[in-house]
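Because only heavy atoms are used, hydrogens play no part in the values below, and waters and symmetry mates are left out as well, while side chains stay in. In what follows, chains carry the letters A, B, and so on, assigned in the order in which the sequence lines appear, proteins first and then strands, with residues in each chain numbered from 1.
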2 protein chains.
Amino acid sequence: MAPKRVDREARREEILSAAVRVFARRGFAATRIEDVAAEAGIAKGSVYLSFGSRDELLAAAFARLAERSADVLAHASAQGAPAVERLASLVRAAVAVLADEPDLTRVMVDLWAAGRHGGAAAPLDMASVYREYRGAVADLLRRAADEGDLRPGVGEPEATVVVGAIEGCLVQWLMDPGVRLDGLAGTVVEVCLSGLRAEGGPTGP
Amino acid sequence: MAPKRVDREARREEILSAAVRVFARRGFAATRIEDVAAEAGIAKGSVYLSFGSRDELLAAAFARLAERSADVLAHASAQGAPAVERLASLVRAAVAVLADEPDLTRVMVDLWAAGRHGGAAAPLDMASVYREYRGAVADLLRRAADEGDLRPGVGEPEATVVVGAIEGCLVQWLMDPGVRLDGLAGTVVEVCLSGLRAEGGPTGP
DNA sequence: TTATTATGACTGACCAGTCAGTCATTTAAG
DNA sequence: CTTAAATGACTGACTGGTCAGTCATAATAA
């Protein structure tokens, strides 16, 4: 009845995206393995051919997030443009990732929960992801200050606020989908970067 | 064996704060009614004398949060000072609440999860809490613009970013307690408000 | 080409552990 | 003694994970 298997890796991918879809809908806590199996159109037992446990499914979702995040960061460290501009596109890229993968984004809240207390397994190392983000942003802020585009003295705290502005908009979108996430990227750039402009510099875009 | 208890309301409060403490430690999903009872120093069954269900405990935690939130908002609408200043103290007060009740703050992530999909019960109306916050901030932004302290045209999107900056810093603190939450209030004010200063106005403190 | 065997992806009934919620009984205040 | 709070053993439902068996396909033999 069931056609013989597909590529092992492809099947893993199918199950993972089914899982992400269901997690986004029902939340991780309320999602049974059977729900994931149903979404993927396979039997419950088959899920265990690709994933060792329910928690491993969430860990895989985290891995996917970390991957996207690494892409954004890697792209941002490409040289060439002034640091302020690279910073602006980093922010826009980060928001674009969220907007492009709404389901994965909706799972974020479960990822945060697992980051704080790791279910049965070891907690996800969410802290590192944010530390890297902050590090990259802080680095660009400092460079931009060196280049005279931002005021001197900017550093970690300002980076935390910039990263925070993105995550915080995400939270509000999660609670109220009426919030337009994509359009907010520009506002974040505008508010945060013009707030850090070098003294006497332009205050508007 | 057990001293007879009279004050129903005080007992409810004891249980709730015990619950918040355990939720903060283990997370809501991993917390059993028995854990809450143990933390409160009573028997499992006694919890049900004050709360109808496990979900009601989380709902009560949400109510407490909403209460704190309402306090902050109420205090912010007190007249007298220029809108920019009231805005700054609103931000500081919001952060202060988070810093003053770390356990309740740590439960936030479970509250967000319950806000999106309501477990067994109806989802918590988290959206309204944020809408009110945004509304209050947007209002103060507009007033401040009218008073000439901020540039004209500020509104909802900017309010979302300001509220987001706070929530986002909170997220980072949750994932990495090394982030100093209290000190960040000032940075949020500084970055966001100076970013919205009227053209030609001062850019630094 | 056709028959036979080997493979392993797939299935779903099953089990064992967990836990929310109940309630008969106990304790003690008034 | 009466009444209400407090208890914790108990129940019933639920679900993560297992595994013996199925069967489509691939491999090999004839």
Using whole Å, report how far CD of B/E34 lies from P of D/dA9. 9 Å
Spacing between B/L49 atom CG and C/dT22 atom C1', to the nearest angstrom: 12 Å
Of all the heavy-atom pairs spanning A/A61 and A/L16, show the shortest one and how long it is. N-CD1, 3.9 Å
How many Å lie between CZ on B/R26 and P on C/dC19, as a whole number? 11 Å
Provide the closest heavy-atom pair for B/A144 versus B/A83 in the form atom of the first, atom of the second, distance. N-CB, 3.5 Å
Please state how far atom CD1 in A/I42 lies from atom C1' in C/dA9, giving the value in whole angstrom units. 10 Å
How close or far is atom P of D/dA5 from atom CZ of B/R12, stated in whole angstroms? 15 Å
For A/S50, report the nucleic acid contact type (base, sugar-phosphate, nothing); a contact means any heavy atom under 4.0 Å. nothing
Under 3.5 Å side-chain donor-acceptor pair for B/Q172 and A/Y133: no
Selection from D/dG17, C/dG21, D/dT7 that lies nearest to any side-chain heavy atom of A/R54: D/dG17
Rounded interatomic separation in angstrom, taking CD from A/E56 and P from D/dG17: 10 Å
Nearest-Å distance for atom pair CG/C1', residues A/D55 and D/dG17: 12 Å
Taking the six-membered ring of A/F51 as reference, does the cationic atom of A/R12 (NZ for Lys, CZ for Arg) lie under 6.0 Å from its centre and within 45° of its axis? yes
Have a look at A/I33 and say if it touches a base, only the backbone sugar-phosphate, or nothing, with a 4.0 Å heavy-atom cut-off. sugar-phosphate
Side-chain N or O of B/S46 closer than 4.0 Å to phosphate OP1/OP2 of D/dT7: yes
Would you indicate which nucleotide in D/dG16, C/dA20, D/dT7 comes nearest to any side-chain atom of B/K44? C/dA20
Can you identify which nucleotide, out of D/dG8, C/dG12, C/dA9, has its nearest atom closest to the A/R8 side chain? C/dA9
Minimum heavy-atom separation for A/A113 to B/V109, with atom names? N-CG2, 3.8 Å
To the nearest angstrom, how far is A/F51 atom CZ from C/dA9 atom P? 15 Å
Does C/dG21 have its OP1 or OP2 closer than 4.0 Å to a side-chain nitrogen or oxygen of B/R32? no
